[in-house]
Amino acid sequence: MKEVTVQELKQKIDNKEPFQLIDVRETFEYETSNLDGLNIPLGGILIEADQIDRDKPVIVQCRSGKRSAAAIMQLEQVHGFDNLYNLKGGILAWQEAFDPNMPVY
């Protein structure tokens, strides 16, 4: 599975590179803190697959990287995506590296 680190994600944001960020946490988690990605909870990822870009890199994130990895496996197996990257360490890694005051649970 392809991965990006939070440092690589921040660089993409800072450089305004084209990519899509998908947050597969539950809505209440997303409302607590997020990185401005599109919120598609893991349970609905296959149903909402048409909202995911196929023509640019897509970074999938969750709290720690486990649910996003599961989402990527499902999307690759069922819908044939080949442009998905897991955010290593999820929003917890982002908080640790860049935003220690970010509320996480």
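Predicted model only: the values in this text are computed from it and were never measured. What you see below is based on every heavy atom in this structure, not just the backbone, and it leaves out hydrogens, waters and symmetry mates.
- In terms of heavy atoms, N83 sits closest to D55 at ND2-N, 4.2 Å.
- Note: I22 CD1 to Q61 CD = 9.5 Å, rounded to the nearest 0.5 Å.
- With a 6.0 Å cutoff to the six-membered ring centre and a 45° limit on the axis angle, K56 does not count as a cation-pi contact of F19.
- For the pair M102 and I91, the minimum side-chain heavy-atom distance is below 4.5 Å.
- Considering only heavy atoms from C-beta on, D82 stays 4.5 Å or farther from E76 through its side chain.
- L35 is not connected to Y30 by any chain of hydrophobic side-chain contacts under 4.5 Å among Ile, Leu, Val, Met, Phe, Trp and Tyr, and they are in different clusters.
- The two atoms that bring Q7 and A97 nearest to each other are NE2-CB, 4.0 Å, heavy atoms only.
- Side chain of N15 to main chain of Q11: a donor-acceptor pair is present (N/O by atom type, distance under 3.5 Å, no hydrogens or angles).
- Of all the heavy atoms in L38 and Q20, the pair that sits closest is CD2-NE2, 3.9 Å.
- When all heavy atoms of G90 and V6 are compared, the closest pair comes out as O-CG1, 4.0 Å.
- One distance of note links CD of E26 with CZ of R63; it measures 13.5 Å at 0.5 Å rounding.
- In the hydrophobic cluster analysis, where Ile, Leu, Val, Met, Phe, Trp and Tyr join through side-chain heavy atoms closer than 4.5 angstrom, V60 is grouped apart from I13.
- Between T5 and L87, every side-chain heavy-atom pair lies at or beyond the 4.5 Å cut-off.
- Of all heavy-atom pairs spanning A49 and L75, the tightest one is CB-CD2, 3.9 Å.
- Atom NZ of K2 has more than 12 heavy atoms from other residues, nucleotides or ligands within 6.0 Å.
- Using a 4.5 Å heavy-atom threshold, the side chains of K88 and E8 count as separate.
- Y85 and M73 fall into different hydrophobic clusters, defined by Ile, Leu, Val, Met, Phe, Trp and Tyr side-chain heavy atoms under 4.5 Å apart, directly or through other members.
- In summary, E29 and R67 engage in a salt bridge, as defined by a charged side-chain N under 4.0 Å from a carboxylate O.
- Clustering ILVMFWY residues whenever any of their side-chain heavy atoms sit less than 4.5 angstrom apart, transitively, puts I59 in a cluster other than the one holding F81.
- Using a 4.5 Å heavy-atom cutoff, the side chains of V24 and P41 are not in contact.
- Between the side chain of N39 and the backbone N or O of D23, at least one donor-acceptor pair lies under 3.5 Å.
- In this structure, E48 places its CD atom where more than 12 heavy-atom neighbours from other residues, nucleotides or ligands lie under 6.0 Å away.
- We find the CG-CH2 distance between N34 and W94 to be 11.5 Å, quoted to the nearest 0.5 Å.
- Between the CG atom in D99 and the NZ atom in K10 there is a gap of 10.5 Å [rounded to 0.5 Å].
- Checked by atom type and distance alone, the side chain of N86 pairs as donor or acceptor with a backbone atom of G65 at under 3.5 Å.
- L21 and I72 end up in different hydrophobic clusters when Ile, Leu, Val, Met, Phe, Trp and Tyr side chains are linked at under 4.5 Å.
- Taking every heavy atom of both residues into account, I45 and Q74 meet most closely at CG2-OE1, 3.6 Å.
- Considering only heavy atoms from C-beta on, S33 comes within 4.5 Å of R25 through its side chain.
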